[in-house]
Undergrad: 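The structure under discussion is supplied below as structure tokens; questions concerning it will follow.
Order of appearance sets the numbers: ligands from 1, and atoms from 1 within every ligand. The structure presented is a predicted model; accordingly, all values stated were derived computationally and were not measured.
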Amino acid sequence: MRNFNENTITDAVLERLQSATDARVRQISEALVRHLHAFVREVRPTQKEWEYGIDFLTRTGHMCDDKRQEFILLSDTLGVSMLIDAINHSSMHGATESTVLGPFFVQDAPEIELGKDISNGIEGDPLFVTGSVSTVDGLPLSGAWVDVWHSDEDGNYDVQQLSEIGGLAMRARFRTDASGRFSFWSIKPAAYPIPHDGPVGEMLKAQGRHPWRPAHVHFMISAPGFEQLVTHIFVAGDQYLDSDVVFGVKDDLVREFVLRNPGEDADGRATNRKYYYLNYNFGLKRAGESSHSVESTKISRIPVAQT
Ligand code: BEZ
Ligand code: FE
């Protein structure tokens with residue numbers, strides 16, 4: 001087969017894929033070729049635009065290392081990460097909605113006792129968080145692992161300022177108590193721009209988009225026999241709730257962080273400062289209840305360098 005033209009090249013490539021022995025590889029490769037060729041036919045790139053595209057992807061790859069994952073940012077900002085999330089985690093009554101993991105999760109964060117402060121001395125408005133983990137029918141799950149992480153009042157994560165702050169902060173993991181409950185103190189997070197000093201930032205600018213995410217606290221919750229939940233709770237009233245750069249906001253994940261007066265700590269202890277209070281009750285699906293469920297696997301992501 002030779003002399004391919006615009007009308008014959010797609011079928012020629014598809015035919016060559018028939019020798020793939022793995023059916024899923026064949027299916028994915030065929031769809032990739034069909035959609036990619038359709039994209040090129042629709043856009044009709046000039047040779048220069050094609051070269052720009054190759055250079056953009058090359059620079060995206062070069063930006064990736066153990067501290068930065070530009071391809072995941074690309075997936076996030078093009079809505080692909082949330083599309084994958086929607087396909088793999090359907091909504092279910094009683095189950096908390098999931099959203100993107102983001103690049104700031106750290107494996108093996110310090111394990112803390114319930115009720116302790118995880119801010120590690122970082123400045124900010126005090127925040128007290130309580131919550132519970134249960135099945136979709138409301139049965140408490142004791143001993144569930146809860147990982148939390150969030151930004152500081154300037155929108156920076158600990159891993160973006162490790163040299164200045166000298167260690168991990170505003171992140172921890174703990175286990176729910178006998179009633180499936182948990183609590184911790186920290187500081188109120190702020191909205192922040194995703195790292196935008198690379199090709200993804202260049203793309204957002206060219207597309208006339210801002211790089212901001214609304215303020216949120218990340219949660220990753222797992223319990224044996226249940227689907228791992230990766231989600232955030234967003235601060236109600238944030239100006240970026242309707243324009244999150246990674247399309248991660250769901251109404252059920254938005255909550256008021258209520259400002260409370262000194263002396264009325266929700267845990268019954270005395271406080272002498274005003275503090276914000278958040279309560280959220282999480283529901284986990286049993287493993288296998290979603291189309292493609294992930295049972296308490298540990299997801300590893302790499303911290304992103306400060307921009
Ligand atoms: C985050 O929430 O940490 C995040 C998610 C997607 C891209 C960048 C950051
Ligand atoms: Fe985040």
Side-chain angles (χ1 to χ4, degrees), residues 60 63-86 88-89 96-107 109 118-119 122 124 127 129 146-162 168-173 186-205 207 209-221 228-236 238-250 253-255 257 278 280 299-307:
T60 299
M63 199 91 193
C64 296
D65 60 20
D66 62 338
K67 297 200 172 54
R68 174 85 173 236
Q69 233 305 346
E70 195 75 359
F71 271 113
I72 293 176
L73 285 184
L74 187 59
S75 163
D76 293 343
T77 51
L78 290 177
V80 176
S81 304
M82 281 309 289
L83 180 56
I84 299 270
D85 175 71
N88 288 281
H89 304 281
T96 302
E97 300 264 20
S98 52
T99 189
V100 284
L101 177 66
F104 300 117
F105 172 68
V106 168
Q107 281 295 359
I118 67 169
S119 65
I122 305 290
L127 169 68
V129 180
V146 181
D147 264 277
V148 295
W149 66 105
H150 64 82
S151 71
D152 64 15
E153 61 180 1
D154 297 320
N156 292 312
Y157 283 80
D158 53 358
V159 291
Q160 295 176 289
Q161 44 181 337
L162 273 182
L168 297 177
M170 304 167 290
R171 73 174 67 240
R173 63 189 326 243
S186 194
I187 54 169
K188 189 168 177 259
Y192 60 86
I194 63 164
H196 58 288
D197 58 340
V200 168
E202 181 182 306
M203 178 191 79
L204 293 175
K205 199 160 172 221
Q207 292 173 341
R209 295 167 59 189
H210 71 67
W212 288 80
R213 298 216 66 208
H216 55 270
V217 178
H218 291 258
F219 288 86
M220 183 191 281
I221 304 181
Q228 184 176 58
L229 173 67
V230 174
T231 196
H232 333 326
I233 304 305
F234 294 93
V235 179
D238 190 288
Q239 65 172 309
Y240 298 110
L241 284 173
D242 289 318
S243 64
D244 180 9
V245 67
V246 302
F247 309 94
V249 180
K250 295 177 179 174
L253 301 177
V254 179
R255 283 289 183 278
F257 284 44
L278 165 70
Y280 200 92
I299 301 173
S300 90
R301 286 293 286 273
I302 346 177
V304 170
Q306 192 171 13
T307 59

Undergrad: Numbering the atoms of ligand 1 from 1, which are under 4.0 Å from a heavy atom of Arg213?
TA: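 Near Arg213, meaning under 4.0 Å from one of its heavy atoms, ligand 1 has 1 (C), 2 (O), 4 (C), 5 (C).
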Undergrad: Output the distance between atom CG (Leu253) and atom NE2 (His232), rounded to the nearest 0.5 Å.
TA: 8.5 Å
Undergrad: Looking at Gly102, which atoms of ligand 1 are within less than 4.0 Å of one of its heavy atoms?
TA: 1 (C), 4 (C), 5 (C), 6 (C)
Undergrad: Confirm or rule out an N/O/S atom of Tyr192, from backbone or side chain, lying less than 2.8 Å from the Fe ion (ligand 2).
TA: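 An N, O or S atom of Tyr192 is closer than 2.8 Å to the Fe ion (ligand 2), so yes.
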Undergrad: Write the atom name of the N, O or S atom in His218 that is nearest the Fe ion (ligand 2).
TA: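 Of the nitrogen, oxygen and sulfur atoms in His218, the Fe ion (ligand 2) lies nearest to NE2.
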Undergrad: Do Ile233 and Phe219 come within less than 4.5 Å of each other through their side chains, counting heavy atoms only?
TA: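 Of all side-chain heavy-atom pairs linking Phe219 with Ile233, at least one is under 4.5 Å.
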Undergrad: Would you indicate which of Asp76, Ile72, Val200 comes nearest to atom 7 (C) of ligand 1 when only heavy atoms are counted?
TA: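 Among Asp76, Ile72, Val200, the closest heavy atom to atom 7 (C) of ligand 1 comes from Asp76.
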Undergrad: Who gets closest to atom 4 (C) of ligand 1 by heavy atom: Ser81, Ser75, Pro103?
TA: Pro103
Undergrad: With heavy atoms of Val246 as the reference, note each atom of ligand 1 found under 4.0 Å away.
TA: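 Atoms satisfying the 4.0 Å criterion: 6 (C), 7 (C).
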Undergrad: Flag His150 as yes if one of its N/O/S atoms falls below 2.8 Å of the Fe ion (ligand 2), otherwise no.
TA: no
Undergrad: Please identify which atoms of ligand 1 are closer than 4.0 Å to at least one heavy atom of Leu73.
TA: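 This gives 7 (C), 8 (C) as the contact atoms.
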Undergrad: Between Tyr192 and Phe104, what is the ring plane arrangement, given parallel below 30°, perpendicular above 60°, and tilted in between?
TA: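 Tyr192 and Phe104: perpendicular rings.
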Undergrad: Any side-chain heavy atom of Val159 within less than 4.5 Å of one from Arg171?
TA: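 A side-chain contact exists here, since the closest heavy-atom pair is under 4.5 Å.
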Undergrad: Do Pro195 and Leu73 touch side chain to side chain, with heavy atoms closer than 4.5 Å?
TA: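 When only atoms from C-beta onward are counted, Leu73 and Pro195 do touch, with a gap below 4.5 Å.
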Undergrad: Give the ring-plane orientation class for Tyr157 versus His216, where under 30° counts as parallel, over 60° as perpendicular and anything between as tilted.
TA: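 Ring orientation, 0 to 90° scale: tilted.
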Undergrad: Tell me the nearest of Phe105, Phe104, Tyr192, Tyr157 to atom 1 (C) of ligand 1, using heavy-atom distances.
TA: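 It is Tyr192 that holds the nearest heavy atom.
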Undergrad: Which of the atoms of ligand 1 are close to Ile194, meaning less than 4.0 Å from one of its heavy atoms?
TA: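 Close to Ile194: 7 (C), 8 (C), 9 (C).
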Undergrad: For ligand 1 and His218, I'd like to know whether there is a polar contact (N/O to N/O, distance under 3.5 Å).
TA: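 Looking only at distances, the answer is yes, because the N/O contact criterion of under 3.5 Å is met.
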Undergrad: Do Asp76 and Arg213 meet the salt-bridge criterion of a basic N to acidic O distance under 4.0 Å?
TA: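 Salt bridge flag = no for Asp76 with Arg213.
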Undergrad: Rounded to the nearest 0.5 Å, what separates atom OG1 in Thr231 from atom CE in Met220?
TA: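 Output value for this atom pair is 11.0 Å.
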